[in-house]
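Before any comments, here is the structure.
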Amino acid sequence: MHSAVASGVPFPTVGLVPTMGALHGGHARLVRQAREENDIVVATVFVNPLQFADPADLEHYPRTLASDRELLGAEGCDLVFAPEVQEMYPGYPHAPVVTVSAGHMGEVLEGASRPGHFDGVCTVVAKLWHAAMPPAPAQLRSYFGQKDAQQLAILRRMQSDLDFDLEVRAVPLIRSPEGLALSSRNTRLSPESLEAALVLSRALRSLREAADAGRVLDVEVARTMIRDEPLAHLDYLEVVDHATLEPLSPEELHRPLQREALALVAATIQPVRLIDNCILPAVTPSNPPPDARS
Ligand code: PAF
């Protein structure tokens, strides 16, 4: 087993991977990174009712605990916490009464079409962080995928706003060789829709290439690429501050990026709603536009 003590970190560490089960390669990647970086790895499997607005979605959410355990075991997870709903929320559906609010960060982008979703995520993650917190001096690290970039930004903010003594670690999203961000939802796409879905990563790539080259981003052109795809229905494509999720101002978007930003997209590619995102680097002294590089 990798030892944080042996690698120079003074205290043992616990890596926590919260999940809702129905695990796939993206989750395996989270567990693998937690395994590489910590002494003990804990995964949680809990379909959190608070983050579902539609009871039918909650009811139909896949529950595959036996195969989830196999995947977690194969990835070297030490402990699986898979509580019943009454263990997490005694008195449910009449409890919890006091919950965590994601504030305005939970109302924009994905939150605009999923009211209450991020409050539910924050509430359950706060409880899981408490449950997994090791006694001092051991340290807790909690792993989330960059694929859910809004969730990651909100949970980072919750960690600092509510003084959780732990580190939030992001795990990069994985793409298919063609560029599609991996998601369990992709299995519901027909071959034509799978092809059409590639427009999301193409649109993001056009922004990333502009940012890398120190050029002005053409967000409207990226949106038009998606609108022009007959099987796609664009919900949003926005460029925001990666920590606050505030949109960049029109003035900022009319010059090469002066601060790191995040491009987020959501679209329905019949019949599935997909999200994707990419980090856009700022033009800085260490990343000047190509014509300024010596
Ligand atoms: O990303 C998820 O699977 C869930 O939102 C999480 C973080 C496990 C909370 O239920």
Side-chain angles (χ1 to χ4, degrees), residues 14-34 41-55 57-65 67-69 71-72 75 77 79-85 87-89 92 96 99-102 105-107 109-111 113-133 140-159 162 164 166-174 181-186 245 264 266 273-277:
V14 177
L16 175 72
V17 184
T19 82
M20 295 211 299
L23 303 182
H24 52 69
H27 297 104
R29 174 85 191 260
L30 297 180
V31 179
R32 218 168 295 149
Q33 187 165 327
V41 176
V42 180
T44 68
V45 177
F46 178 62
V47 182
N48 172 33
L50 300 196
Q51 65 189 80
F52 289 81
D54 179 357
D57 275 356
L58 173 62
E59 196 188 327
H60 294 125
Y61 197 85
R63 284 151 171 96
T64 57
L65 189 56
S67 58
D68 293 345
R69 282 188 192 283
L71 179 144
L72 293 168
E75 294 298 339
C77 177
L79 195 93
V80 180
F81 177 52
E84 294 297 329
V85 73
E87 194 176 344
M88 287 301 283
Y89 305 124
Y92 180 83
T99 56
V100 181
S101 164
M105 289 178 81
E107 289 163 6
L109 303 163
E110 284 304 285
S113 53
R114 304 180 75 181
H117 168 74
F118 289 108
D119 299 348
V121 170
C122 286
T123 302
V124 77
V125 171
K127 287 175 72 85
L128 294 171
W129 282 350
H130 283 308
M133 192 65 74
L140 183 63
R141 295 176 176 143
S142 189
Y143 290 77
F144 299 96
Q146 176 65 38
K147 166 86 181 2
D148 294 309
Q150 183 173 7
Q151 170 172 283
L152 176 64
I154 291 172
L155 293 174
R156 280 192 193 288
R157 187 66 193 235
M158 177 170 86
Q159 182 273 326
L162 299 187
F164 278 96
L166 57 90
E167 198 185 326
V168 172
R169 294 217 163 172
V171 178
L173 63 70
I174 318 177
L182 291 198
S183 157
S184 46
R185 293 170 173 225
N186 296 351
L245 305 177
L264 295 146
R273 190 164 184 285
L274 297 177
I275 57 171
D276 198 349
N277 69 86

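Since this is a predicted model, take the numbers as computed values, not measurements. When a residue number appears, it is its place in the shown sequence, counting from 1. Both counts, for ligands and for their atoms, begin at 1 and track the order of listing.
- Residues Val168 and Tyr143 fail the side-chain proximity criterion, which asks for heavy atoms closer than 4.5 Å.
- Residues Val100 and Met158 form a side-chain contact, since some pair of their non-hydrogen atoms from C-beta on lies under 4.5 Å apart.
- Only the backbone of Thr19 comes within 4.0 Å of ligand 1, judged by heavy-atom distances.
- Less than 4.0 angstrom separates some heavy atom of Gln151 from each of these atoms of ligand 1: 1 (O), 2 (C), 4 (C), 5 (O), 7 (C).
- Within the listing of ligand 1, atoms 4 (C), 5 (O), 9 (C), 10 (O) sit less than 4.0 angstrom from a heavy atom of Gln51.
- Taking every non-hydrogen atom of Val124 and a distance limit under 4.0 Å, the qualifying atoms of ligand 1 come out as 9 (C), 10 (O).
- Comment: Glu107 does not engage Arg114 in a salt bridge, judged by the lack of any side-chain N to carboxylate O separation of less than 4.0 angstrom.
- In this structure, the ring of Phe52 has its center no less than 6.0 angstrom from the ring center of His117.
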